[in-house]
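Atoms within each ligand, like the ligands themselves, are counted from 1 in listed order. When a residue number appears, it is its place in the shown sequence, counting from 1.
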Amino acid sequence: MLKPLLNRMNNYSSSRLFRKIAGVSVVVLSASIAMAQTKGGDAKMDAFVNGLMSKMTLDEKIGQLNLVTSGRPLTGTTVNKGTEEGIKKGAIGGVFGLYGVEYVKAAQDAAVKNSRLHIPLIFGLDVIHGHRTIFPIPLGMSATWDMSLIEQSAHIAATEATGEGLNWVFSPMVDIARDPRWGRISEGSGEDPWLGSQIAMAMVHGYQGKSMKNADAVMACVKHFALYGGAEAGREYNTVDMSLIKMYQDYLPPYKAAVDAGAGSFMSSFNTINGVPATGNQWLLTDLLRKQWGFKGFVVSDYTAVNELSAHGLGDLQAVSALSLKAGLDMDMVGEGFLSTLKKSLKEGKVTQQEIDLACKRVLEAKYKLGLFDNPYKSINADVEAKSELTDANRKASRETAEHSFVLLKNKGQLLPLKKTGTIALIGPLANNHSEMLGTWVVAGEPSKSVSVIDGIKNVAGSDVKVLYAKGSNFTDDSLLNARAWFFGMKQERDNRPAQEMIDEAVETAKKADIIVAVVGESANMTGESSSRSDITIPETQKELLKALVKTGKPIVAVLFNGRPLALPWEDKNLDAILDVWMPGTEAGNAIADVLFGNYNPAGKITATFPRSVGQIPIYYAHKNTGRPFDGKGPAKFKSDYIDISNDPLYPFGYGLSYTTFNYSDVKLSKTDLKGNETLKATVTVTNSGKLAGEEVVQLYVSDPVASISRSVKELKNFKKISLQPGESKEVSFNITTADLKFFNTKLAYDWEPGEFGIQIGTNSSDVKSAKVNWTK
Ligand code: BGC
């Protein structure tokens, strides 16, 4: 789209342009303001931005609120037109979807050289789990429970993204999700607000670094504010309606944590919240975000979300644009409702000059914080672009993160790790494939640069392992799923042979091998945005393949690709081992082979509960007790349960096996009666009782059985990841304070109430050792 811009591009070097801007700054920035910028400080920023705004026309101010896309339509059907002219007119504040030094420079030139006030653009992109070097999908990344790996992945993404001229990423996605039908559960960190908050902070720190002015830092955009993951029935873009207590206790904490971590921007969500769509929700965008939480950055709408308020039933484009601005929205993504209606609304008294000024100020402040007024070309540097991408170090980090994200769901008879001898039958639609390794939400990652599973196995296994391959099946033969999952003309790599012929070939291949490794599950296109599923099992075609393979009687390991918890009761019962690898990223095959052959002993733990069946959804560990809890024993009638399935999940939150085993001692407490602000120390001894070295995520949960409201049966409050040699024991201690006892009460006050508390420490949310304390005020 910006090709025409390129053609007209002058060949100024970045440094020459910078001098030119400094020259222009005599007009735009007074010398004292320019000096003040380098010293930093809000007063200086204020003076600078106010000075600039005093020179801006109304149209130019509204222009700053306009975010356009010039890429292909990734997540909607609209693409803006006339970008170059818009930039020159000062009618565009930012561009997203454009990356690569050449393109970004052309657009920035149009703004800083050819617009009246030379205001730089901000350049955004959906950098979700890596930019060029792709890391595991966020749900996988969260299963590492490793904040330094997560922060590192964001930092590497920032380094690569800034290398291509970007300064703003639409990440982290911190929506809590407890419904695996929702395709976007893959983009978040699962069901838990405490863990989600830790990850939100790590991501913001990774992206923004110590200062957003640094050349390798980008501004984070926390999304989707708010509660997008609470969509009814897990259906994409659906209504959200929930109690305030649930909202504050379970869904809002990660957004708040991102504010506390200094996130520079937020994105409003598509959904309604208790009747009022987020994008036009004053309570959400102003009262909560700014007044209660003290957020100082700017809020951008999601893609055409302002326009969509009309479909929500809130009025025509002029009305909903005015409503959003008044609610506290600062920037309008793609829809151009602000651009086309705010001037009229001002004339008609439907918005005020102050409201427009405030939004404009926030956008300009973001540019200031990024250092763009000092140097609009700070991250537009061809040398950096060439050096920063897909480096060996970045690939190594991606491989390590992927290995840490894998979760061993089953390992009967210690079938894994595999021996580095013998014959493996590698079967399945994901076994010899590049296009699916990166997962959902990959804008700049190149599938051809990824490592396929077959190549990874060949790289790692050594010459004593013979690998036989058969595809065995396509992803699915369901015509609706096929038509809807692969959108905008995307092509699935399909094998056109009849399903049975492919299965027969796979079975023949399996018969010649010692062991079957079946690489099955979801395609990247079956998860992510606009990919809700009502059936969260492995598609039927692949299931038929697995059934046929099981019948050969050969030991069978499933390497499972998935962007959501799947319902796997059949697989759990019939397969020998299951390694969940999510969607692992650029180094997929190498990481998978490292774990299959035991070069790395898996330690990932799931961060979203795996149900037995879609009928149990929503299912999450921090549920309420109810008045008629069913503990699985005794008569079930008139208890809170189902008559056709157990209440238990297939795999609980925090679950994941290792090639070794860990024993937990009972919980030792420093005290059992505490008062006021005392600190409780809870300790367990964890012993590696197996034969291999391994890592374990030791999890701390707290329960509050008597309170003024009915509380969750337990809540995660901390964890420690330890590593143990065979036979080694370690004491693991947690300090617990009253901060860990607090909750939102009926007045939405965040406080704790005296009484009994349960302290539970264990290997997952179901398998814990428990102790009790009494804590008075
Ligand atoms: C998605 C956002 C994304 C935006 C821009 C929307 O459809 O909901 O997550 O950042 O598109 O691509």
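- Using cut-offs of 30° and 60° for the angle between ring planes, the Tyr237 and Tyr228 rings count as parallel.
- When each atom of ligand 1 is checked for a heavy atom of His224 under 4.0 Å away, the hits are 2 (C), 8 (O), 9 (O).
- Contact annotation: Glu187 has no heavy atom less than 4.0 Å from any atom of ligand 1.
- With respect to Asp126 and Lys223, a salt bridge is recorded, a charged nitrogen being found less than 4.0 Å from a carboxylate O.
- Between Phe653 and Trp145, the ring-plane angle classifies as tilted under the 30° and 60° cut-offs.
- Near Trp441, with a cut-off below 4.0 Å to any heavy atom, the atoms of ligand 1 are 3 (C), 12 (O).
- Between Lys296 and Glu365 there is no salt bridge, since none of the side-chain N atoms of the basic residue sits less than 4.0 Å from a carboxylate O of the acidic one.
- For the pair Arg178 and Tyr620, the cation sits on the ring face: its NZ or CZ lies under 6.0 Å from the ring centre, inside 45° of the axis.
- Residue-ligand proximity, Glu529 to ligand 1, at heavy-atom distances under 4.0 Å covers atoms 1 (C), 6 (C), 7 (O), 8 (O).
- Partners of Lys256 according to the salt bridge (charged side-chain N to carboxylate O under 4.0 Å, His left out) rule, which considers only residues two or more places apart in sequence or in another chain, are Asp260.
- Neither the backbone nor the side chain of Met173 comes within contact range of ligand 1; no heavy atom lies under 4.0 Å.
- Checking Asp126, Asp302, Leu67 against atom 8 (O) of ligand 1, the nearest heavy atom belongs to Asp302.
- Residue contacts with ligand 1 for Glu236 are absent, since no atom lies close enough (heavy atoms, distance under 4.0 Å).
- Of all the atoms in ligand 1, the ones that sit under 4.0 Å from a non-hydrogen atom of Lys223 are 2 (C), 3 (C), 9 (O), 10 (O).
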